[in-house]
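The chain is numbered in sequence order, starting from 1.
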Amino acid sequence: MSNRESAPYGSLRVDVEQSRRMSEMTIAHYDRMAEAYWDGTRDHDVSQNYTALLDAIETDPPYSILDLGCGPGRDLRHFRSLGHNAVGLDGSKEFVAMARSYSGCEVLHQDFLAMALPESRFDGVFANASLFHVPSQELPRVLLELSGTLRPRGVLFCSNPRGDNEEGFSGGRYNCFFDLDTWRSYVRVAGFLEVGHYYRPPGLPRHQQPWLATVWRKGYSAARRGRAPS
């Protein structure tokens, strides 16, 4: 995780307009790189992440699942193949078109910073390699919106590249690289209860596991807003 044009966590504070521009730049990057991204990720084994989400859901299948940042639709297609009602969401118009074609699922074209989600609709939210693009200033609000779209005791799965609490642009995208404690503090403030966490890829020494996966259950009312970490 070297060569980042980033700032230590807590030193970067941006206004709403700046956040919007950063999101637009990140989405534009994915629009430009959509085909290359699909070629590089279509065969990734994320079965461990699928299992983590599905095993934590308490209701009877089939489940209603929101794939947040669905990209070209790999995971949507997998959930649909299992008989679940999967809905995708992505800010990239290129990804949205690819995901609709590849998965056959409904895919919402929405920026993470301007989502319009139905209340209490989903049993689970699958946020695989997506929420780390949300600026830390906007993250509390986004997590509350995800809580609101989950049914009672619904499950939020997140997998993000981990780091030393730094954020900024790298490779044309805005990224936040949090450690476990900082990430926990954000998600807990949004009313989620931790089910578990693990590092990926499995079976490697920790320094060779750049991904942090966490599983959460919707807990108390999302109306409780609390303070974001500082």
Exercise. Write down the atom of C176, the atom of V134, and the distance for their closest heavy-atom approach.
Key: SG-O, 3.2 Å
Quiz item: Honestly curious: do V96 and M33 fall in one hydrophobic cluster under the side-chain, below-4.5 Å linking rule?
Solution: no
Quiz item: Between P201 and P210, is any pair of side-chain heavy atoms under 4.5 Å apart?
Solution: yes
Quiz item: Are any of the side-chain heavy atoms of V215 and V155 separated by less than 4.5 Å?
Solution: yes
Exercise. May I ask you to decide whether R162 forms a salt bridge with D179, counting only side-chain N to carboxylate O separations under 4.0 Å?
Key: no
Exercise. State plainly whether one hydrophobic cluster holds both L143 and F126, where clusters connect Ile, Leu, Val, Met, Phe, Trp and Tyr through side-chain heavy atoms under 4.5 angstrom apart.
Key: no
Self-check item: Hydrophobic cluster identity match, W211 and Y198, side-chain contacts under 4.5 Å
Solution: no
Exercise. Would you mind reporting whether L54 and H84 have side-chain heavy atoms less than 4.5 Å apart?
Key: yes
Quiz item: Looking at CD1 of I27 and CG of L113, how far apart are the two atoms once the value is rounded to the nearest 0.5 Å?
Solution: 7.5 Å
Quiz prompt | Gap separating the CG atom of D75 from the CG atom of N49, nearest 0.5 angstrom | solution = 8.5 Å
Quiz prompt | Validation row: M98, E35 side chains within 4.5 angstrom (heavy atoms) | solution = yes
Exercise. Assess the side chains of S170 and N175: does a donor N or O sit below 3.5 Å from an acceptor N or O?
Key: yes
Practice problem: Quick one: do R20 and S23 satisfy side-chain contact (heavy atoms from CB on, under 4.5 Å)? Show the steps, please. | Solution: CA-CA 5 Å; R20 185 187 63 80; S23 184; 5.8 Å; no
Exercise. Would you check, one step at a time, whether the test ring pair (Phe, Tyr, Trp, His ring centres under 6.0 Å) holds for F157 with Y50?
Key: CA-CA 9 Å; F157 171 87; Y50 298 149; 9.0 Å; no
Quiz item: Hey, are D45 and S47 close enough side-chain-wise for a donor-acceptor pair under 3.5 Å?
Solution: yes
Quiz prompt | Heavy-atom side-chain proximity of R200 to P202 below 4.5 angstrom | solution = yes
Exercise. For P118, check side chain to side chain contact (heavy atoms under 4.5 Å, CB included) against everything at least two apart and list the hits.
Key: R121, F122, T149
Practice problem: Check whether the side chains of T214 and W216 place a donor and an acceptor atom closer than 3.5 Å, and report yes or no. | Solution: yes
Exercise. Answer with yes or no whether the hydrophobic clustering places V195 together with L53; edges join I, L, V, M, F, W, Y residues whose side-chain heavy atoms lie under 4.5 Å apart.
Key: yes
Quiz item: Going by distance alone, is a donor N or O of one side chain under 3.5 Å from an acceptor N or O of the other, for E94 and Y30?
Solution: no
Practice problem: Please tell me if the side chains of S103 and R74 come closer than 4.5 Å, counting only heavy atoms from C-beta onward. | Solution: no
Quiz prompt | Backbone of N165 reached by a side-chain donor or acceptor of T182 within 3.5 Å | solution = no
Quiz item: Is the ring centre of F112 less than 6.0 Å from the ring centre of H133?
Solution: no
Quiz item: side-chain contact (heavy atoms from CB on, under 4.5 Å) between L144 and R141: does it pass, once the steps are laid out?
Solution: CA-CA 5 Å; L144 282 169; R141 176 178 61 83; 5.7 Å; no
Practice problem: Could you check L146 against L131 for side-chain contact (heavy atoms from CB on, under 4.5 Å), going step by step and ending with a plain yes or no? | Solution: CA-CA 11 Å; L146 296 180; L131 282 174; 4.1 Å; yes
Practice problem: Kindly indicate, with the supporting measurements, whether the criterion side-chain contact (heavy atoms from CB on, under 4.5 Å) is fulfilled by L156 and F192. | Solution: CA-CA 8 Å; L156 170 64; F192 288 94; 3.8 Å; yes
Quiz item: Would you say the side chain of D67 lies within less than 4.5 Å of the side chain of N128, judging by non-hydrogen atoms?
Solution: no
Quiz prompt | Side chains of E58 and R153 in contact at under 4.5 Å (non-hydrogen atoms) | solution = yes
Exercise. Answer yes if the ring centres of W38 and Y102 are under 6.0 angstrom apart, and no otherwise.
Key: yes
Quiz item: Can V142 be reached from V87 by stepping across I, L, V, M, F, W or Y side chains whose heavy atoms are under 4.5 Å apart?
Solution: yes
Practice problem: Compute the centroid of each ring, for F178 and then for Y186, and state whether the two points are separated by less than 6.0 Å. | Solution: yes
